[in-house]
Colleague: 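Questions regarding the structure given below will be posed in turn.
If you're wondering where the values come from, they're calculated on a predicted model, not measured in any experiment.
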Amino acid sequence: MKISLGYACRCETLEKITTSTNYTYTSYSKEKDDQKLSNIIISNLLALEEILIYNIKNNIHFYRLSSSLIPLATKDDVVFDYITPYQGYYDRIAKLIQDYQLRVDFHPSEYCVLNSVKEEVVQASMEILKYHYHLLECLKIKDKVLIVHIGSNAFGKKNSLTRFIHNFKKLPKEIQDCIVVENDDKVFTIEDALYLSDCLKIPVCLDYHHHLCNKSAIDYTKIIDSWKITPKMHFSSPKSKLKKEFRSHHDYINSDCFIEFLESIKYLDCDIDIMIEAKKKDEALFRLVRELKYKTDYQFIDETTFII
């Protein structure tokens, strides 16, 4: 069973490099500075290229792209072409991804609420998903993955799940094919995610920390079988055991808990990509690796990939 570890968005080691430089809607509305917007987009794309080079040199094969790559892209009253003028940058990044077989995905923000009771929020959420899809297309990603939460619990869980199904079916087919649903830490359990998977034939991403916060029965085999590509899971450690801080992410990963989790799923005997959702990002990933090497006899293939 091969496990590959990845991290999300910000690279802690390259602390001065960010793919998420912002140009706020308020500032743009006052300034209308299209050149500033363009410069920020180029800066973010160059930063992404640099981070991917860092990942390649450190054998990090799995990475989450920042949703903030293109500021203002989903604002309906800010119309600009964020594709054609920057195609050269996209092509260079795409070549890195293809040449080194990197696996990248997106996890749209909490503003993407596909099952909202407000039509304007649903429409905005669909635009958010289209934006992410367009970026995956620009980067020539074959296995496109957009991981989303189920969202609103207005009028109860049953009605909320029904709204998700209804609105999901309004999405273009090519975007439907990208959607992966994840359990959350307050309302929608892994059972709820699997219910949507059964109804819509979409994959489920298990967030193990969320599961500990919001438990239900868990069928690992069904989770794995929901995927057509290498299954993806999320793992983080609670900030503390205190109830008010348990849902928050720690800077690092509790390696004993991580090992316990791996041992509980190794009967599945399949490859899995695990996203390390720790605040210290790549530093947390490599600290975890050092502890795994000390505490286990897992066979490491490279810096972030091992056999259990």
Colleague: Spell out, as yes or no, whether a donor-acceptor pair under 3.5 Å connects the side chain of Ser197 to the backbone of Ala193.
Modeller: no

Colleague: Any side-chain donor-acceptor pair under 3.5 Å between Thr26 and Ser29?
Modeller: no

Colleague: Looking at CG of Asn153 and CG of Asn115, how far apart are the two atoms once the value is rounded to the nearest 0.5 Å?
Modeller: 8.5 Å

Colleague: Please name the pair of heavy atoms, one in Val204 and one in Ser226, separated by the smallest distance, quoted to 0.1 Å.
Modeller: N-OG, 3.0 Å

Colleague: Quick one: pull up CD1 in Ile175 and NZ in Lys170 and give me the separation to the nearest 0.5 Å.
Modeller: 14.5 Å

Colleague: In this structure, are over 12 heavy atoms from other groups packed under 6.0 Å from Glu119 atom CD?
Modeller: yes

Colleague: Take atom OH in Tyr100; do more than 12 heavy atoms of anything else shown fall under 6.0 Å from it?
Modeller: no

Colleague: Looking at Lys157, I'd like to know if its NZ atom is crowded, meaning that more than 12 non-hydrogen atoms belonging to other residues, nucleotides or ligands lie closer than 6.0 Å.
Modeller: yes

Colleague: What pair of heavy atoms forms the shortest contact from Ile274 to Ile3, and how long is it?
Modeller: CD1-CG2, 3.8 Å

Colleague: Less than 4.0 Å between a side-chain N and a carboxylate O, is that true for Lys144 and Glu174?
Modeller: no

Colleague: Taking the six-membered ring for Trp, are Tyr131 and Tyr82 ring centroids under 6.0 Å apart?
Modeller: yes

Colleague: Looking at Phe246, I'd like to know if its CZ atom is crowded, meaning that more than 12 non-hydrogen atoms belonging to other residues, nucleotides or ligands lie closer than 6.0 Å.
Modeller: yes

Colleague: What's the separation between atom OH in Tyr28 and atom CG in Asp33, rounded to the nearest 0.5 Å?
Modeller: 8.5 Å

Colleague: So for atom NZ, which belongs to Lys295, do other residues, nucleotides or ligands contribute more than 12 heavy atoms lying within a distance under 6.0 Å?
Modeller: yes

Colleague: Just wondering, are more than 12 heavy atoms of other shown residues or ligands nearer than 6.0 Å to CD in Glu260?
Modeller: no

Colleague: Does the ring center of His149 lie less than 6.0 Å from the ring center of His210?
Modeller: yes

Colleague: Flag the pair Lys95 and Asp91 as a salt bridge only when some basic side-chain nitrogen lies within less than 4.0 angstrom of an acidic carboxylate oxygen.
Modeller: no

Colleague: Strictly by modelled atom types, are Tyr63 and Asp105 linked by a side-chain donor-acceptor pair under 3.5 Å?
Modeller: no

Colleague: Roughly how far, to the nearest 0.5 Å, is NE2 of His234 from CG of Asp273?
Modeller: 10.0 Å

Colleague: Between the side chains of Glu12 and Arg10, is the shortest nitrogen-to-carboxylate-oxygen separation below 4.0 Å, so that they form an ion pair?
Modeller: yes

Colleague: Tell me whether Lys75 forms a cation-pi arrangement with Tyr25, defined as NZ or CZ under 6.0 Å from the six-membered ring centre and within 45 degrees of its axis.
Modeller: yes

Colleague: Enter the distance from Asp282:CG to Thr13:OG1 here, rounded to the nearest 0.5 Å.
Modeller: 3.5 Å

Colleague: Taking atom types as modelled, is there a side-chain donor on Ser255 or Tyr294 under 3.5 Å from an acceptor on the other?
Modeller: no

Colleague: For Tyr298, is the NZ or CZ atom of Lys293 found under 6.0 angstrom from the centre of its six-membered ring and inside 45 degrees of the ring axis?
Modeller: no

Colleague: Consider only side-chain N and O atoms of Ser237 and His250, and report whether a donor and an acceptor are under 3.5 Å apart.
Modeller: no

Colleague: So, for Phe286 and Ile60, which heavy atoms are closest and what is the spacing to 0.1 Å?
Modeller: CZ-CD1, 3.7 Å

Colleague: Search all heavy atoms of Asp251 against all heavy atoms of Ala284 and return the closest pair with its distance.
Modeller: O-CB, 3.5 Å

Colleague: Between the side chain of Gln176 and the main-chain N/O of Leu171, is any donor-acceptor distance below 3.5 Å?
Modeller: yes

Colleague: If I compare all heavy atoms of Met275 with all of Ala8, which pair ends up nearest, and what's the gap?
Modeller: SD-N, 3.7 Å

Colleague: Check whether any side-chain N or O of Asp271 sits under 3.5 Å from a backbone N or O of Lys2 as a donor-acceptor pair, and report yes or no.
Modeller: yes

Colleague: Do other residues, nucleotides or ligands put more than 12 heavy atoms under 6.0 Å from the CZ atom of Phe155?
Modeller: no

Colleague: Is the backbone of Ala278 close enough, under 3.5 Å, to the side chain of Lys281 for a donor and an acceptor to pair up by distance?
Modeller: no

Colleague: Do Ser66 and Ser20 pair up side chain to side chain, a donor and an acceptor below 3.5 Å, judged on atom types alone?
Modeller: yes

Colleague: Do Thr162 and Asn159 get their side chains close enough for a donor-acceptor pair, meaning under 3.5 Å?
Modeller: no

Colleague: Just verifying a value: how many Å separate Leu48 CG and Glu50 CD, rounded to the nearest 0.5 Å?
Modeller: 10.5 Å

Colleague: Heavy atoms only: give me the nearest Glu127-Thr74 pair and the separation to one decimal.
Modeller: O-CG2, 4.1 Å

Colleague: For the pair Ser152 (side chain) and Ser116 (backbone), establish whether a donor and an acceptor sit closer than 3.5 Å, ignoring hydrogens and angles.
Modeller: no

Colleague: Does Ile128 belong to the same Ile/Leu/Val/Met/Phe/Trp/Tyr cluster as Val145, with side-chain heavy atoms less than 4.5 Å apart forming each link?
Modeller: no

Colleague: Does the side chain of Thr305 reach to within under 4.5 Å of the side chain of Asn59, using non-hydrogen atoms?
Modeller: no

Colleague: Quick check: is Ile308 connected to Leu288 through a chain of hydrophobic side chains (ILVMFWY, heavy atoms under 4.5 Å apart)?
Modeller: yes

Colleague: Any side-chain heavy atom of Val78 sitting closer than 4.5 Å to one from Phe80?
Modeller: yes

